[in-house]
Peer 1: 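Have a look at this one before I ask anything.
Note: hydrogens, waters and symmetry copies are ignored here, and every other heavy atom, side chains too, is used.
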Amino acid sequence: MRQYDNLALDNCIKCSICVTNCPVTRVTDKFAGPKQNGPDLERFRLEEPAAVHPSIGYCSNCKNCDVACPSGVSIATMNSKAKGEFVARHGAPLRDQLLARVGLMGRVCHLAPALVNWGGRVKLFRWLGEKLFGVSKDMTLPQYAGKTFYQLMRQQKFAPGRRKVVYFPGCYVTYNTPEVGLAVVEVLAKQGVQVLVEEFNCCGLPLIANGLLADARQAARGNVQQLQKYADQGYRIITSCPSCNLTLRREYHELFDLDTDSLNDHIMDVFEYLNELARQGELVEPLNPLDLRVGYHQPCHLKAAGCGVPSKEIMDRIPGLQVLGLDAGCCGLSGSYGFKAEKYPISMEIGSNVFRAVEQMGVKQVITECGMCQLQIHHGTGVAVYHPIQLLALAYGIAK
């Protein structure tokens, strides 16, 4: 038994606050809850790995249980391991295996992105997708960009900077919203920071969320080896996706026992890095005024990362910009969770608080760091949703 497992189990005081803060148990009884599937059954699983409650598939991996726990118990890790044990014993449906391999799907779909996007909007194909594979016919599918982030970067030319960082864009930026990645690179270039771009594997979180832990472990090892060489040279590793950030900094160690201590010291959210520049007096200002009133949604994985809302300090520097916190909890999509037909209604009910907050505040635009949150909020409200870095690029006059 690993030391952190011992500590986690001994620290659980059975207060059930994790259940109270679980967005899934709030709307359905199909999930037994994070405590039962986590600490309660973990003691039994240490003796008999098969002691997994079948409701574990309804855990969305949002990590609100970890955020709420007053004792620092790694509840989400226990639930992820339980899901992995269940899948190892019973297998995963083809749908889950496909949804979990986001990088592979991205590469395949980019052979003909316009055709894929068209097919994703045809009602007959959506209906067949639900009947044959269990992919919700109602959930908006991500649109694939005409060119990937890496393809677009090969067309860009940036002057050498005083500093250099490495950018880990993640799959959604790579295949769906490369404009976010370009905004990261251009904003950092404005600060005299050169961004080194290398193609990485998927962080592995979709595999983890679908219980495919063996494949996720392989992806994790490859990324750690690839990133460690930059950390050893003193480079900062910048992310713009909270889920990628959390996976690199925490999941690799907690789930797979990978030694990432030295690597973690170099990984930062792009706004954490910009705040560091600001504290050193090196953030380029002034910023152009933006006469905008936008809502802000804090992604669950950004909360779990424990770094607050690093984009807020930078957004507050933009004259005229009003950022209103939605403070409405989980959006409900949770990666591939809300794309599954049986979980789509749960996803939408979880997200209803966010949708209602957008309507009540009367905002026409929302910003949030998570690509899946962006998709879900747009799906549930119809408003335009952006990454905060896009507004910063707009304030610098380097984006439309």
Side-chain angles (χ1 to χ4, degrees), residues 103 145 147-203 222-245 247-249 260 262-288 305 307 310-311 313-315 317-318 369 371 386-400:
K147 292 184 178 181
T148 70
F149 169 69
Y150 294 114
Q151 288 172 331
L152 292 174
M153 278 300 298
R154 285 194 284 269
Q155 300 173 3
Q156 305 293 318
K157 291 184 179 180
F158 295 95
R162 302 186 308 275
R163 307 184 187 197
K164 293 181 180 180
V165 299
V166 178
Y167 179 40
F168 189 98
C171 295
Y172 198 70
V173 165
T174 298
Y175 299 109
N176 304 98
T177 58
E179 63 274 13
V180 172
L182 290 179
V184 169
V185 175
E186 291 169 342
V187 165
L188 291 178
K190 188 79 172 178
Q191 319 305 319
V193 178
Q194 183 179 351
V195 178
L196 304 180
V197 175
E198 180 179 338
E199 295 196 30
F200 295 99
N201 293 325
C202 173
C203 70
N223 282 330
V224 168
Q225 183 178 11
Q226 199 172 357
L227 291 169
Q228 190 66 57
K229 66 181 182 181
Y230 290 109
D232 291 343
Q233 298 175 63
Y235 288 105
R236 293 299 180 91
I237 299 161
I238 304 302
T239 65
S240 56
C241 170
S243 296
C244 291
N245 186 291
T247 304
L248 297 174
R249 290 167 94 167
T260 57
S262 61
L263 182 60
N264 289 350
D265 293 338
H266 295 266
I267 299 173
M268 302 183 77
D269 176 86
V270 61
F271 281 101
E272 286 185 285
Y273 184 70
L274 290 169
N275 282 323
E276 183 178 271
L277 294 180
R279 288 191 294 271
Q280 297 169 356
E282 296 189 19
L283 185 73
V284 173
E285 293 183 287
L287 294 159
N288 297 326
C307 59
S311 62
E313 294 179 48
I314 303 297
M315 294 293 104
R317 293 174 178 266
I318 302 176
E369 291 87 347
Y386 304 99
H387 193 290
I389 199 69
Q390 292 174 280
L391 287 193
L392 183 57
L394 188 63
Y396 274 126
I398 53 179
K400 297 181 180 180

Peer 1: What closest approach, in Å, do Pro310 and Asp269 show between heavy atoms, and which atom pair accounts for it?
Peer 2: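 That would be CG-OD2, 3.8 Å.
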Peer 1: Of all heavy-atom pairs between Asn201 and Gln226, which one has the smallest distance, and what is that distance?
Peer 2: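 Scanning both residues, the minimum pair turns out to be N-OE1, 4.5 Å.
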Peer 1: Where is the tightest heavy-atom contact between Gly103 and Tyr175, given as atom of each residue plus distance?
Peer 2: O-OH, 3.6 Å
Peer 1: Verify whether one side chain among Glu186 and Tyr396 offers a donor that lies under 3.5 Å from an acceptor in the other.
Peer 2: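 No, because no side-chain N or O of Glu186 sits under 3.5 Å from a partner of the opposite role on Tyr396.
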Peer 1: Please give me the minimum heavy-atom distance between Arg317 and Glu285, naming the atom from each residue.
Peer 2: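 Looks like NH1-OE1, 3.0 Å.
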Peer 1: Provide the closest heavy-atom pair for Glu369 versus His387 in the form atom of the first, atom of the second, distance.
Peer 2: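 Closest pair (atom of Glu369, atom of His387, distance): O-CD2, 3.2 Å.
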Peer 1: Start with the C-alpha gap between Phe149 and Tyr167, add the side-chain angles, then the distance that decides, and say whether ring-ring contact (aromatic ring centres under 6.0 Å, His included) holds.
Peer 2: CA-CA 11 Å; Phe149 169 69; Tyr167 179 40; 5.6 Å; yes
Peer 1: Is there a side-chain contact between Ser240 and Ile389 in this structure, where contact means two heavy atoms from C-beta onward sitting under 4.5 Å apart?
Peer 2: no
Peer 1: Does any part of the side chain of His266, heavy atoms only, come nearer than 4.5 Å to the side chain of Tyr235, both counted from C-beta?
Peer 2: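 Of all side-chain heavy-atom pairs linking His266 with Tyr235, none is under 4.5 Å.
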Peer 1: Look up atom CG in Leu263 and atom CG in Asn223, then write down how far apart they are to the nearest 0.5 Å.
Peer 2: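 Going from CG on Leu263 over to CG on Asn223, the span is 9.5 Å.
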Peer 1: Starting at OG1 of Thr260, measure out to CG of Asn264 and round the result to the nearest 0.5 Å.
Peer 2: 4.0 Å
Peer 1: A side-chain contact here means heavy atoms from C-beta on lying under 4.5 Å apart; do Phe271 and Cys307 qualify?
Peer 2: no
Peer 1: Do Arg163 and Glu282 come within less than 4.5 Å of each other through their side chains, counting heavy atoms only?
Peer 2: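 Yes, side chains in contact.
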Peer 1: Report the residue from Val187, Leu182, Leu188 that forms a side-chain contact (heavy atoms from CB on, under 4.5 Å) with Val184.
Peer 2: Leu188
Peer 1: Just so I know, are the side chains of Leu274 and Leu392 near enough to count as touching, which here means a heavy-atom distance under 4.5 Å?
Peer 2: yes
Peer 1: Can you tell me if CD on Gln225 sees more than 12 non-hydrogen neighbours from other groups inside 6.0 Å?
Peer 2: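 It does not: Gln225 CD has 12 such atoms or fewer within range.
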Peer 1: Is there a side-chain contact between Phe200 and Val166 in this structure, where contact means two heavy atoms from C-beta onward sitting under 4.5 Å apart?
Peer 2: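 SC-SC contact between Phe200 and Val166 confirmed.
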Peer 1: Check whether Tyr273 reaches the backbone of Ile237 with its side chain - one donor and one acceptor, N or O, closer than 3.5 Å.
Peer 2: no
Peer 1: Out of curiosity, Phe168 CZ to Leu227 CG, how far, rounded to the nearest 0.5 Å?
Peer 2: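 Answer for the CZ-CG pair, Phe168 versus Leu227, is 6.5 Å.
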Peer 1: Does the side chain of Tyr172 reach to within under 4.5 Å of the side chain of Cys244, using non-hydrogen atoms?
Peer 2: no
Peer 1: Side chain of Thr148, backbone of Gln151: donor and acceptor closer than 3.5 Å?
Peer 2: yes
Peer 1: If every non-hydrogen atom of Met315 is compared with every non-hydrogen atom of Pro388, which pair is closest and at what distance?
Peer 2: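 So the minimum-distance heavy-atom pair works out to CE-O, 3.5 Å.
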Peer 1: Look at the side chain of Glu276 and the backbone N and O of Glu272, then say whether any donor-acceptor pair between them is shorter than 3.5 Å.
Peer 2: no
Peer 1: Would you check if Leu394 and Ile318 make a side-chain contact, meaning some heavy-atom pair closer than 4.5 Å?
Peer 2: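 Counting from C-beta outward, Leu394 and Ile318 never come under 4.5 Å.
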Peer 1: Within this structure, what is the CD-CD1 distance for the pair Gln390 and Ile398, rounded to the nearest 0.5 Å?
Peer 2: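 Those atoms lie 11.5 Å apart.
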Peer 1: Could you walk me through whether Met153 and Val185 pass side chain to side chain contact (heavy atoms under 4.5 Å, CB included), step by step?
Peer 2: CA-CA 9 Å; Met153 278 300 298; Val185 175; 3.9 Å; yes
